[in-house]
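Quick notes on the structure that follows.
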Amino acid sequence: MTDERPPFHVLLGPDGAGKSSVMVEIATRLPGWRTLSTDHALLGPGHELVGTLRRHVVQDVLPHLGTHYSVDFLASVLQTAVVHFKDERARREAGVPLLIDSYYYKILAKCRLAGIRHNPMYGWWRSFPQPRAVVYVDVSPASAWRRLGSGARLNPLEYFGDRPEWPGFESYQTSLRKLMLEEVRDVPVTIIEEQSSAARTAEAVVEVLAP
């Protein structure tokens with residue numbers, strides 16, 4: 001039986017899993033693949049605005065969430081990344097396999113953790129084509145905490161509470177993992193257990209994508 005799902009995969013994982021580094025490695029190891037991310041270093045020409053909006057979320061929106069900006073405003077700005085993924089997936093060259101960083105799954109989970117339980121945008125996002133498979137790059141909250149400078153490099157969408165402290169981070173990341181895996185429960189998922197380096201993680205991902 002032919003697999004009718006669109007030929008794209010999603011790389012998913014919690015904060016601190018090293019997905020950005022893995023995406024860079026994948027671009028080198030699988031030159032025939034196209035990688036799609038909102039990370040500034042991985043954005044293609046003409047899409048600088050996507051990276052700028054992402055920076056403004058961290059620098060301008062999150063510090064004033066609940067005062068100058070509502071959680072609905074936050075979700076609206078984050079949706080620009082979701083629409084970027086939708087548009088670029090539709091533009092992909094026929095026959096070129098595509099790996100998308102998180103797709104809409106992580107953004108939806110983070111919006112829910114920010115207190116937006118229901119939003120009309122969620123139904124639209126969930127109507128998007130689903131990937132052929134998800135590769136979930138796992139990492140323990142303790143390891144992620146160390147990788148992120150024991151809280152020094154966190155933003156408010158990565159922990160619960162007023163300050164980046166270990167209990168709030170652990171609780172947030174545990175909830176984030178649960179929601180993301182819940183969101184992809186109807187898609188084939190391969191979990192890559194925590195590795196010692198981005199290179200080892202990339203090797204494991206490549207084995208799944210191009211065995």
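Note that the structure is predicted; figures quoted are calculated from it, not measured. Sequential numbering from 1 along the given sequence is applied to the chain's residues.
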Where P129 and F8 come nearest, the two heavy atoms and their spacing: O-CZ, 3.4 Å

Residue pair W124 / Q79, side-chain donor-acceptor N/O under 3.5 Å: no

Contacts of type salt bridge (Lys or Arg N to Asp or Glu O under 4.0 Å), residue D60, not counting sequence neighbours: none

Any donor-acceptor N or O pair under 3.5 Å, side chains S171, T174: no

Within residues 69-78 or reaching into it, pairs that qualify as side-chain hydrogen bond (donor to acceptor under 3.5 Å, both in side chains) - sequence neighbours excluded: none

Separation between OG of S175 and CD of E170, rounded to the nearest 0.5 Å: 10.0 Å

Stepwise salt bridge (Lys or Arg N to Asp or Glu O under 4.0 Å) check, D39 with R54: CA-CA 8 Å; D39 282 355; R54 176 174 173 162; 2.5 Å; yes

Electrostatic pair D101:K106 at N-O distance under 4.0 angstrom: no

Single-linkage hydrophobic cluster V184~L36, side-chain heavy atoms < 4.5 angstrom: yes

Ring geometry between F128 and Y104 (parallel below 30°, tilted from 30 to 60°, perpendicular above 60°): perpendicular

Close aromatic pair by centroid cut-off 6.0 Å: F160 and Y172: yes

Whether over 12 other heavy atoms sit under 6.0 Å from D162 CG: no

Over 12 foreign heavy atoms within 6.0 Å of CZ, R147: yes

Exercise: identify the closest heavy-atom pair between W125 and C111: CH2-SG, 4.4 Å

Closest approach of I26 to A202 (non-hydrogen atoms, all atoms of both residues): CD1-O, 4.0 Å

Aromatic plane relationship, Y103 with F85 - under 30° parallel, 30 to 60° tilted, over 60° perpendicular: tilted

Euclidean distance, L12 CG relative to Y105 OH, rounded to 0.5 Å: 8.5 Å

Test item: side-chain donor near acceptor, D15 and Q173, under 3.5 Å: yes

Flag if over 12 foreign heavy atoms under 6.0 Å of CZ, R163: no

Donor-acceptor pair between S143 and R146 side chains, under 3.5 angstrom: yes

Same apolar cluster (I L V M F W Y, side chains within < 4.5 Å links), V77/V50: no

E25 side-chain N/O to A198 backbone N/O, donor-acceptor pair under 3.5 Å: no

